[in-house]
2 protein chains.
Amino acid sequence: MDKKQKKPVTLADIAAIAAVTPMTVSRVINNSGYVHADTRARVLGVAREMNYRRNGLARGLKRQCTETVGLVIGDIANPFAAELSGGVREVLEERGYTVFICISEHTAKEDVQAFDSLADHRADGIIVATRASKSANERLAELIESGIPISLIGRDFRHPHADLVMADNLKGGYEATCHLIDNGHKRIGFIGVSLTDGVRLRRFQGYLEALKDNGLPVEDRLIVGGREVGEQMPGYSTEEMGYDGMMKLLELKSRPTAVFARNDFTAMGALNAIKRAGLRIPEDIALVGYDDIPLALHTSPTLTTVRQPTREQGRCAAEFLLRRIEGDHEQPRAEKTFDCELIVRESTLPGAEVVSGSNRKRKIKTA
Amino acid sequence: MDKKQKKPVTLADIAAIAAVTPMTVSRVINNSGYVHADTRARVLGVAREMNYRRNGLARGLKRQCTETVGLVIGDIANPFAAELSGGVREVLEERGYTVFICISEHTAKEDVQAFDSLADHRADGIIVATRASKSANERLAELIESGIPISLIGRDFRHPHADLVMADNLKGGYEATCHLIDNGHKRIGFIGVSLTDGVRLRRFQGYLEALKDNGLPVEDRLIVGGREVGEQMPGYSTEEMGYDGMMKLLELKSRPTAVFARNDFTAMGALNAIKRAGLRIPEDIALVGYDDIPLALHTSPTLTTVRQPTREQGRCAAEFLLRRIEGDHEQPRAEKTFDCELIVRESTLPGAEVVSGSNRKRKIKTA
DNA sequence: TCAGGATAGGTTAACGTTAACAGGCGAGGT
DNA sequence: ACCTCGCCTGTTAACGTTAACCTATCCTGA
C-alpha cells in the first residue's frame, strides 16, 4: 500500500468517497454552479480530510489560463527590484494572480531562458524589467507575436503590442548634472560606464547633454568604470565599481570637483574612496548618486540623488498587463513615462535636507 | 479568421502540416525515440516556422513533473537573498530545473500563499528561506505530508521529511559579542530586536549567552529596536531601525561602549547615527554588524561583521532538494549547519583589515 | 393545471502531451 | 526460408480538470 511516491489526491478520489461525481466536487471547490448545502459540506469535509490541493496544471490546461504572471528582473538585492516587484505584486495579487519571479543576472541568455520558462509554463503574461539585448529582444518579439501579453519596464525596446513603462532617466541625469553645474562645477566626472557602451544608459546621456548645453567639454578621462569593471556584475556590488572608479579619478593630476555616479551603490563606493583619501564632501568633491536608496539618507554626508517612482512603475506595468490579459492581447501599445525627482542633500550642498530615520514616506499612495 | 486571442500552436497543428502524427512531432521535439532524419528536419522546420512552444501544463500533467522548483524568500533587495538564490539557481539550472521565486515579505499569510501557489502549480519541490511562523509551519507540514519535497534554509522548523540547512548564527552572535568583550567592553547594546520576541533570533541568543558566560548583566535598556519599530519591515530598510535604535541608545545617561546590530544594514544606520552625534568609532563606540554585505567593506570605518556562507547554503539546500526529488520523497531528513566567520575590521579595532575595492573573493568555490 | 424558473447533480468530451504498445519493413544470421 | 533485431511510425489511452449540455426535481404564479 505504501508506494514510494504517494500520488496526490484528485477530484475523482474525493468524489468516490463522498459518493458524488468529480464534477460536483469541482463545483464545490470552485464555488460555482448549484450544490446542495449538505453535499457541499460533505465534499468539503472529505477534501479537507484528504488534504486536497487542486492541480493547477490540469486546471490551466482546461481553462486556458493559469492566473499566473511572470516577472523577469536582474539584480535582485537592490532596493529598486524590491520596490518594483512590490508594486507589481500589489496590483496583481489583489486581482487573484500569482507572481512568479525569474532572475536573469543581465545576460541575454538568461533573459531568453526566463522568457521561455514562463511561456512554456503558460504564464498569462510577462513583465520584463531587465536591460535590453538583441537576442532577448528577438525572442520577446516572437512571444508577443504568438499572443502572450507583455509589459516592459525601463527597457529600451518598443513593440506595437507590448506596453512600456519607464522613468525619464535622461532628464534625471540631465538635472543632476545641471545641479552640479549650477553650483559652479566645471569638471564633472561620471562613474559607472565607458564612453563606448554608455550610449544606452539614459542617465549618462543626460550627463553628456547637460555638459554640451552648458558649453562644457566632455573629457574622456573623467568617465570611468566601464564594461571591463563590471557591466555584468550584480548591482549590489557596484559600489566596488564606485570605489575603484573614484580611486582612478583621484589619481588624475587635475581631478574633477564633482562626480555623478550611475547609482547610489556606486556613489557609496565613491564616497568612501573620497573620505579615505582625506578629502571633504562636498567642499573638495561634490557627489551625486541615482535611485535614492534608503541608505542614501544615512550616509555622512547624506547623498544627493535622483529618485524615480519605482513602486509606481511596477504598479503601472501590472495595470497595463492586466488590461492586455483581460482584453485584447494585441491592443495597441500603452506607454507611460514617469518623472524623476532630484533630491538635494549634503553631498552637494552643505547643510541641505537632513532627515532623521523614520519621518520619510515609504509608500507612494495608491492612485 | 483573425480571432481576438490567437490560439497557441499545438503538436497536432504541426503534425497536420508535416503529415505525421502528433506522437512523431513529440518525439522530434523531445529528441526521444526513433525518427528518420528527413522527417525530423521537416517537422523541425514546420515547428520553427509556426513558432511552436511546448505546453508545459499538458506536459507536466502527463509526465507528473514540471522540472520546476519554487524558492520562497522574504526580503529580496538584500545581498543575502541574492546570494542565496544565486546558489540555488546555480545547482538547479545546471540540472535542467527552472527556479521560480515567490516573495513573502515575512508575513505568515504571504508565506502560506506562496506555498499554496507553488504546490498548486505542481512545482517539483520547494525551498523555503523565510522566517518561521506557526500557521506557515502547519501548512508546510501538510505539504510535506502530501509528498512535496521541501528543503528549508535557516528556518527554525524541523520535520522528519524536510531537509534543513542553516548557519550557526548562535555561535556567530556569540563570537561577535565575545570579540567586543575581549576588547574590554562591558556595556554592549543590541539593536534590532525586543527582549520578548528576540527568543527566536539565534544571533541575539548568542549575544545573551556571551554576556552570561562572561558574567555581564543583561540590561533591558541596551536592547532596542524590537517589533514596534519593524519586525515586519523589508530588510533593506532596517537601517532606519539602526539609526533610530542608536539614537535611543545615545540618549541614555550612561550609554553603551559597544553595539551589536542584527545585520549590516542596521549597523550602517547605527554608524551614521553615531557619526552624526560627533562620536568616534570605535574609540567612543565600537560597532559590529552581521552578514558581511559588500558595503561593509566600504564604510568608514570599515565594519566588523559576521559572514555566513550564504551562497553555499543555497547550493546545499538545492542539492538536498534534488536528492529528495529524484529519490524517495520521504527519505529521512538531511541537515547541515555552516559555520560563520567573524571578520574584524576598523569599527571594533582601529587599523584592522582595510581592503581596497576589488581584491576580495566574491564567489565561493564549487565544492 | 401547467409553463417556467430555480435548484441539484450527472454525462460527455475536450484541453495538449506522452507512455505503452503495436505494427511494418529491411538487413543479417543460421 | 525463417527468425531476430534495429529502425520508423502509428494507435490508444490516459494525466486531472471543467465547459457545455442534459435530466430531474421542486416551487411559484397565472
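In the text below, chain A, chain B and the rest are named by the order of the sequence lines, each starting its count at 1. Quick note: numbers below take in every heavy atom, side chains included, and nothing from hydrogens, waters or symmetry partners.
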**OP:** Would you mind reading off the distance between B/Gln64 atom CD and C/dA19 atom P, rounded to a whole angstrom?
**Re:** 11 Å
Original post:
Would you say C/dT17 has OP1 or OP2 under 4.0 Å from some side-chain N or O of B/Ser26?
Top reply: no
**OP:** Could you state the atom-to-atom distance from NE2 of B/His121 to C1' of D/dC15 in whole Å?
**Re:** 18 Å
Subject >> Nucleic acid contacts - residues 9-21 of chain B versus DNA chain D, non-hydrogen atoms under 4.0 Å >> reply: B/Val20, B/Thr21
Original post:
For the side chain to side chain donor-acceptor pair (under 3.5 Å) test, which of A/Arg323, A/Arg324, A/Arg333 pairs with A/Asp163?
Top reply: A/Arg324
Original post:
Would you call B/Arg59-B/Glu67 a salt bridge at under 4.0 Å N-O?
Top reply: yes
Original post:
With distance as the sole criterion, do the side chain of A/Arg27 and the base of C/dG10 form a donor-acceptor contact below 3.5 Å?
Top reply: yes
Subject >> Options D/dT18, D/dT9, C/dT7, nucleotide nearest the side-chain atoms of B/Tyr34 >> reply: D/dT9
Original post:
Starting at CD of B/Glu67 and ending at P of C/dT18, how long is that distance when rounded to a whole Å?
Top reply: 11 Å
Subject >> Terminal axis angle for the helix from C/dT1-D/dA30 to C/dT30-D/dA1, five pairs an end, nearest 10 degrees >> reply: 50°
Original post:
Quick one: does B/Arg315's side chain have a donor or acceptor within less than 3.5 Å of a partner on B/Gly87's backbone?
Top reply: no
Subject >> Whole-Å gap separating P (C/dT17) and CZ (A/Arg59) >> reply: 21 Å
Original post:
Looking for any heavy atom pair under 4.0 Å, which part of the strands does B/Ser32 touch: base, sugar-phosphate only, or nothing?
Top reply: nothing
Subject >> Donor-acceptor pair, side chain of B/His159 and main chain of B/His161, under 3.5 angstrom >> reply: yes
Subject >> Nearest-angstrom distance from the residue atom CG of B/Asn31 to P of C/dT18 >> reply: 12 Å
**OP:** Using whole Å, report how far CZ of A/Arg63 lies from P of D/dA20.
**Re:** 12 Å
Original post:
Given D/dT18, is OP1 or OP2 found less than 4.0 Å from the side-chain N or O atoms of A/Asn30?
Top reply: yes
Subject >> Salt bridge A/Glu94-A/Arg89, side-chain N to carboxylate O under 4.0 Å >> reply: no
**OP:** Look at atom CD of A/Glu335 and say whether more than 12 heavy atoms of other residues, nucleotides or ligands are closer to it than 6.0 Å.
**Re:** yes
**OP:** Could you tell me whether B/Glu142 and B/Arg139 have a side-chain N and a carboxylate O separated by less than 4.0 Å?
**Re:** yes
Original post:
Among B/Val35, B/Leu11, B/Val20, B/Ile14, which one satisfies side chain to side chain contact (heavy atoms under 4.5 Å, CB included) with B/Val28?
Top reply: B/Val35
Subject >> 5′-ward residue of the pair B/Ala58/B/His36 relative to DNA chain D >> reply: B/His36
Original post:
Between A/Asn137 and A/Lys134, is there a donor-acceptor pair closer than 3.5 Å when you use the side chain of the first and the backbone of the second?
Top reply: no
Original post:
To the nearest angstrom, how far is B/Lys7 atom NZ from C/dT17 atom P?
Top reply: 14 Å
Original post:
Phosphate oxygens OP1/OP2 of D/dG10: is one of them under 4.0 Å from a side-chain N or O of B/Thr24?
Top reply: yes
Original post:
Which whole-number value in Å describes the distance from B/Met23 CE to D/dT11 C1'?
Top reply: 11 Å
**OP:** Would you kindly say whether A/Arg53 and B/Ser146 are connected by a side-chain donor-acceptor distance under 3.5 Å?
**Re:** no
